[in-house]
Amino acid sequence: MKFPKPHSLQEIAKIINCQYIGSDDFPVLGMNEIHVVESGDIVFVDHPKYYDKALQSAATIVLINKEVACPEGKALLISDDPFRDFNKLSQHFKPFVSSSTSIASSATIGNNTLIQPNCFIGNNVTIGSNCIIHANVTIYDNCVIGNHVIIHSGTIIGADAFYYKKRPEGFDQLLSCGRVIIEDHVDIGAACTIDKGVTGDTTIGFGTKIDNQVHVGHDTQIGKKCLIAAQTGIAGCVVVEDEVTLWGQVGTTSGITIGTKAVVLGQTGVTKSIEGGKVYFGTPVEDSREKLKQLANLKRLPQYLSKLKNE
């Protein structure tokens, strides 16, 4: 997430009431999670295991819960609770704005686009031309829908990320202020849920077709011309490259990559990154031919045991 205008390190420190290391006028341009940070961004880290990764990332401002040596060309914000203060910055720069109408006045809707009854279109949503948004679809604030997109009834675009920090008194939510971007010629089935990015974008690429009851987690990037069948669940921060096919009830772990033109057969659990151009099956995921051989041999096990017993 980029700020509307650049801010100084001193200004940011004042918002969250913390100490800092760096010049007062060190430029701060935005804030992002570690997998999408750029120069000028703030990234937060609150566990020693990830200190080096954050300090060596592309982010030039690190919100951290320990005073450490500051890398050259960077600045530090020293906080007793970086998770809390990252949320404070989200609330400051992207506060929730309620809507009193079904289609916000700030929404932009293109030519020949049909919006069926009982839809909700949030603040600053952009919908392109020649789209059909069927009844009871909800599109949260700031989402971007391309041209020639079809979204079926009951689908929700842009709900919050499932991202929490466990505390003694319960779970704290990391506030989401990202977007969902749906490119041209995408079809989305009924009762799907596509979560927005925490600070970046969840993206559905050109020409991708999504069946009913599919969930796409926050910050996931789905490529062009993919096919995703019903009841598939894709976790957050997953990269699904172009022309991938995910058959029914596929589930993935977070932070993995599914390579171009991979085919994942139904009910597979994708537990790690997989190469493109192959067919996969099973949990944990394996090459489908190898997995099917294992299952065939398993079915023959009583026969093998009987043969051994009789020898």
Exercise for review: Decide whether I34 and L55 are clustered together by the hydrophobic rule: side chain heavy atoms of Ile, Leu, Val, Met, Phe, Trp, Tyr closer than 4.5 Å, transitively.
Suggested key: yes
**Study point:** side chain to side chain donor-acceptor pair (under 3.5 Å) between S79 and D85, intermediate numbers included
**Key:** CA-CA 7 Å; S79 164; D85 287 340; 2.6 Å; yes
Point to revise | Atom CG of N17: over 12 foreign heavy atoms under 6.0 Å | key: no
Practice item. Output, in order, the C-alpha distance, side-chain angles, deciding distance and verdict of side-chain contact (heavy atoms from CB on, under 4.5 Å) for N147 and N130. Key: CA-CA 6 Å; N147 303 310; N130 302 301; 5.7 Å; no
Exercise for review: May I ask whether I109 and I157 are part of the same hydrophobic cluster, defined by side-chain heavy atoms of I, L, V, M, F, W, Y residues being less than 4.5 angstrom apart, directly or through others?
Suggested key: yes
Practice item. Could you check I256, V270, V216 and say which one makes a side chain to side chain contact (heavy atoms under 4.5 Å, CB included) with V238? Key: I256
Check your understanding: Going only through I, L, V, M, F, W and Y residues with side-chain contacts under 4.5 Å, is there a path from I145 to I103?
Key -> yes
Exercise for review: Walk me through it: do R84 and N87 pass the test side chain to side chain donor-acceptor pair (under 3.5 Å)?
Suggested key: CA-CA 5 Å; R84 175 202 67 206; N87 271 348; over 6 Å; no
**Study point:** Validation row: V180, D201 side chains within 4.5 angstrom (heavy atoms)
**Key:** no
Point to revise | Value rounded to 0.5 Å, distance of OG1 in T126 from CZ in R179 | key: 8.5 Å
Exercise for review: Please collect all side-chain hydrogen bond (donor to acceptor under 3.5 Å, both in side chains) contacts where either partner lies in residues 251-275, sequence neighbours excluded, each pair once.
Suggested key: E241-T260, Q249-Q267, E275-K278
Exercise for review: Look up atom CD1 in I234 and atom OG1 in T220, then write down how far apart they are to the nearest 0.5 Å.
Suggested key: 6.5 Å
Practice item. Look at the side chain of S153 and the backbone N and O of A135, then say whether any donor-acceptor pair between them is shorter than 3.5 Å. Key: yes
Study note, to complete from the structure: Here the side-chain hydrogen bond (donor to acceptor under 3.5 Å, both in side chains) pairs for residues 45-66, sequence neighbours left out, are D46-K165, Y51-N65
Review point. For the side chain of T113 and the backbone of G128, is there at least one donor-acceptor N/O pair under 3.5 Å apart?
Key: yes
Check your understanding: Hey, does V125 have a side-chain heavy atom less than 4.5 Å from the side chain of N142?
Key -> no
Check your understanding: Can you check side-chain contact (heavy atoms from CB on, under 4.5 Å) on N32 and V43, steps first, answer last?
Key -> CA-CA 6 Å; N32 269 310; V43 68; over 6 Å; no
**Study point:** Exceeds 12 heavy-atom contacts within 6.0 angstrom, atom CD of E72
**Key:** no
Review point. Looking at CG of D287 and OH of Y280, how far apart are the two atoms once the value is rounded to the nearest 0.5 Å?
Key: 7.0 Å
Practice item. Identify whether the distance between the nearest side-chain nitrogen and carboxylate oxygen of D41 and K2 falls below 4.0 Å. Key: yes
Exercise for review: Check whether the side chains of T202 and D219 place a donor and an acceptor atom closer than 3.5 Å, and report yes or no.
Suggested key: no
Review point. Out of curiosity, does V263 fall in the hydrophobic cluster containing V285 (side-chain heavy atoms, cut-off under 4.5 Å, transitive links)?
Key: no
Check your understanding: Quick one: side chain to side chain contact (heavy atoms under 4.5 Å, CB included) partners of Q213, sequence neighbours excluded?
Key -> A191, Q231
Exercise for review: Kindly say whether N123 contributes a backbone atom to a donor-acceptor pair with the side chain of D141 at under 3.5 angstrom?
Suggested key: yes
Practice item. Specify the closest pair of heavy atoms between G158 and C143, including all atoms of both residues, with the distance to one decimal. Key: CA-SG, 4.0 Å
Review point. What pair of heavy atoms forms the shortest contact from G197 to S176, and how long is it?
Key: O-CB, 3.9 Å
Check your understanding: If only atom types and distance count, is the side chain of K74 paired as donor or acceptor with the main-chain N or O of A59 below 3.5 Å?
Key -> yes
Review point. Within a strict 4.5 Å, meaning less than it, do heavy atoms of the L246 and I228 side chains meet?
Key: yes
Review point. Counting only N and O atoms by type, is there a donor-acceptor contact under 3.5 Å from the side chain of T208 to the main-chain atoms of G223?
Key: yes
Review point. Taking NZ, NE, NH1 and NH2 as the nitrogens, is one of them in R167 or D81 under 4.0 Å from a carboxylate oxygen of the other?
Key: yes
Practice item. For residues A229 and G248, report the shortest heavy-atom separation together with the two atoms involved. Key: CB-N, 3.4 Å
Check your understanding: Do I121 and I127 have side-chain heavy atoms sitting under 4.5 Å apart?
Key -> yes
Exercise for review: List the steps and the verdict of side-chain contact (heavy atoms from CB on, under 4.5 Å) for N112 and S129.
Suggested key: CA-CA 6 Å; N112 301 316; S129 301; 5.7 Å; no
Revision key, fill the gap. Using a 4.5 Å side-chain heavy-atom cut-off and chaining through intermediate ILVMFWY residues, the residues clustered with V198 come out as M1, F3, L9, I12, I15, I16, Y20, F26, V28, M31, I42, F44, I61, L63, L77, F83, F86, L89, F93, Y163, L174
Review point. Counting distance only, does the side-chain N/O of S8 pair as donor-acceptor with the main-chain N or O of D25 below 3.5 Å?
Key: no
Point to revise | Side-chain donor/acceptor of T199 to backbone N/O of E33, under 3.5 Å | key: yes
Check your understanding: What residue pairs, at least two apart or across chains, pass ring pair (Phe, Tyr, Trp, His ring centres under 6.0 Å) with a residue in residues 180-211?
Key -> H148-H185, H185-F206
**Study point:** Student check: side-chain heavy atoms of H218 and D160 closer than 4.5 Å
**Key:** no
Revision key, fill the gap. dist N136:CG -> I156:CD1 (nearest 0.5 Å) comes out at 10.0 Å
Exercise for review: Enumerate the residue pairs fulfilling side-chain hydrogen bond (donor to acceptor under 3.5 Å, both in side chains) with a member in residues 221-230, sequence neighbours excluded, ordered by first and then second residue.
Suggested key: T203-Q221
Exercise for review: Start with the C-alpha distance between K299 and N297, add both sets of side-chain angles, then the distance that settles side-chain contact (heavy atoms from CB on, under 4.5 Å), and finish with yes or no.
Suggested key: CA-CA 5 Å; K299 289 179 70 174; N297 287 331; over 6 Å; no
Point to revise | Short side-chain to backbone donor-acceptor contact, H215 and T193, under 3.5 Å | key: yes
Practice item. Find out whether L76 and V68 are in side-chain contact, i.e. whether some heavy atom of one side chain is under 4.5 Å from a heavy atom of the other. Key: yes
Revision key, fill the gap. Nearest heavy-atom approach of I21 to E67 is CD1-CG, 3.7 Å
Check your understanding: Nearest 0.5 Å, what's the CD-CG distance between Q294 and L292?
Key -> 9.0 Å
Point to revise | Side-chain touch P27/P6, heavy atoms, less than 4.5 angstrom | key: no
Study note, to complete from the structure: In terms of heavy-atom contacts, A230 and D211 come closest through N-OD2, 3.0 Å
Practice item. Quick one: closest heavy-atom pair of V214 and I210, and the distance? Key: CB-CG2, 3.6 Å
Check your understanding: Rounded to the nearest 0.5 Å, what separation is found between the NZ atom of K209 and the SG atom of C226?
Key -> 11.5 Å
Check your understanding: I132 versus I151: any side-chain heavy-atom pair under 4.5 Å?
Key -> no
Review point. Do I194 and I181 belong together in a cluster built from hydrophobic side chains that touch within less than 4.5 Å?
Key: no
